[in-house]
Amino acid sequence: MNKIPVIIDTDPGIDDTIAIIMAAGSEKIDIKAITTTHGNVGLEGTTKNAMALKEFLGLECPVAKGAAKPMIVSLKDASYVHGENGLAGFELPRPKGTVCEKAAWDVMYDMAKAAGGQMRLLVLGPMTNVALAVLKYPDFKNYIKRIYMMGGSRSYGNHSQYAEFNIWGDPHACQVVLQSGIPITMADLQFGSDYGISVKELRQIYSHAKKLKPMMDAFIAHDIKRVERKGKKYGCRYDVESFEFAIYDATAAAAMLLEDDSLETEDYYVVCETQGSQTEGRTIFDYKNHMKKRPNVQLAVKMDRQKYIRLIENALAHFE
Ligand code: RIB
C-alpha cells in the first residue's frame, strides 16, 4: 500500500502526543517530519517533547524547530492545561539526537516539493509555521494535498468566549492559511467535544498498551486532578470515571485517517477575526454564503465513533 506522506506540525502537548501516536501507529501514514511550534508550552519545551516522543516511538523522521512566537499577537501558552513540561509532568527518556538544522517552514517546503503534491499537513497547534511557509514560498500551496487542522470553532471558544486556543494563539497565521488556497479539513472545538471519551473508556482503551501505559496513566491522573480542581472552584462534583475528555488533536488525526471511511464534512467559507476587541481569534463561518465566496474549509462534523476509539487503541498497543 502506498503510504500517505504527512508532516505533523505540533506543540506537544498531551493531546498532540496521542495524535502523533495515532499517526505513527497507522500503516497508512508515513511521517516525513515533525515540526514544532510555540503553543501549549514554549518552543524549547514543545521541541524537547517532540524529540523525546520521536525517539521513544522509534521514529526515523527529523524534528525541525519552528516559530517561538506568533506573527503579531503576544505569546500565549496552555501550561495550566498540559502541565509545566507540556506532558502532565511525565518525563520521557531524554532525547539523544539533535533537531534538524533547517527551520520548520523550510523543511515543510522542501519535503512537500519532493512529495510531488501528495504531502499532507497535520496541524495541531497555532498555525505560525504553516503561515510562514505560505508567505515565504508562493508555490508552497501547489505541493500540499490537504491540511488537517485541529483549530477554530463553529461556536463557543475555550481560551476566550469565542476563540479556540490554537487560533487564539496566532489569528493572523490562521487567516493567512485560510486564504492560501490549500484544501483544509478543520476539526474544530465542537468536533472534539462531540467525540469526548470517558475516563472509564480510556482506561479500557489503553489497557493493552505496555510501553505507553505509564505515560497514559500520568495523562489521565493529571486531567482528573484538573477536573477535580475545577469542580472545587465551581462547587460542583464530577463522577470522574464517567467524565468525558475531548482529545482534540486526536480527532484531527482521526479526521485524516477516516477521511475515506466514515468522516462527514460540510463546506464553508471561513475567515479568522484578527482585530476584534472581544472576538480576536474567532473563526467566522459564512453559513448563509453572504460573501458569495467558494468554500475554503471542509468542517469535520461526523465520524464513526467506534472506529475513532479503535484507532487510538490499536496505535497505543502497536508500540511494545
Ligand atoms: O483547543 C485545543 C487545542 O489547544 C489542542 O491542540 C490542544 O493541544 C491545545 O493546544
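None of the values given here were measured: they were computed from a predicted structure. Numbering of ligands and ligand atoms starts at 1, following listing order.
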At a non-hydrogen distance cut-off of under 4.0 Å, which region of His82 contacts ligand 1 (side chain, backbone, both, or neither)?
->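 Within the 4.0 Å criterion, His82 contacts ligand 1 through side-chain atoms alone.
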Where on Asn158 is there a heavy atom closer than 4.0 Å to ligand 1, on the side chain, on the backbone, on both, or on neither?
->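 Side chain only; the backbone of Asn158 stays clear of ligand 1.
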Pull out every atom of ligand 1 sitting under 4.0 Å from any heavy atom of [X], numbered as shown with elements.
X      : value
Asp15  : 5 (C), 6 (O), 7 (C), 8 (O)
Glu164 : 1 (O), 2 (C), 3 (C), 4 (O)
Asp11  : 10 (O)
Phe165 : 1 (O), 4 (O), 9 (C), 10 (O)
Met150 : 2 (C), 3 (C), 5 (C), 6 (O)
Leu124 : 6 (O)

How far is atom 6 (O) of ligand 1 from its nearest protein heavy atom, and which residue and atom name does that atom have?
->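 Result for atom 6 (O) of ligand 1: Asp249 OD1, 2.6 Å.
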The protein heavy atom nearest to atom 9 (C) of ligand 1 is Asn40 OD1, 3.1 Å
Nearest heavy-atom contact between Asp11 and Gly125 is OD1-CA, 3.6 Å
Any N or O of Tyr248 that comes nearer than 3.5 Å to an N or O of ligand 1?
->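 In fact, backbone or side chain, Tyr248 has no N or O that close.
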Give yes or no for whether the N/O distance cutoff of 3.5 Å, strictly under, is met between His159 and ligand 1.
-> no
Under the side chain to side chain contact (heavy atoms under 4.5 Å, CB included) criterion, do Ile34 and Leu53 qualify, and how do the steps go?
-> CA-CA 10 Å; Ile34 295 174; Leu53 185 62; over 6 Å; no
Examine Lys211 relative to Phe56 and say whether NZ or CZ is less than 6.0 Å from the centre of the six-membered ring and inside a 45° cone about the ring axis.
->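 Yes, cation above the ring, under 6.0 Å and within 45°.
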Ion pair Asp223/Arg226, N-O distance below 4.0 Å |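 A salt bridge is present here (some side-chain N lies under 4.0 Å from a carboxylate O).
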Is the distance between the ring centroids of Tyr162 and Tyr156 less than 6.0 Å?
->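 That pair fails the under 6.0 Å test.
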Check whether the ring centres of His290 and Tyr269 lie less than 6.0 Å apart, and answer yes or no.
-> no
Asn49 (side chain) donor-acceptor with Gly45 (main chain) under 3.5 angstrom |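 Such a contact is found between Asn49 side chain and Gly45 backbone.
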Would you indicate whether the side-chain heavy atoms of Phe165 and Asn40 approach each other to under 4.5 Å?
-> yes
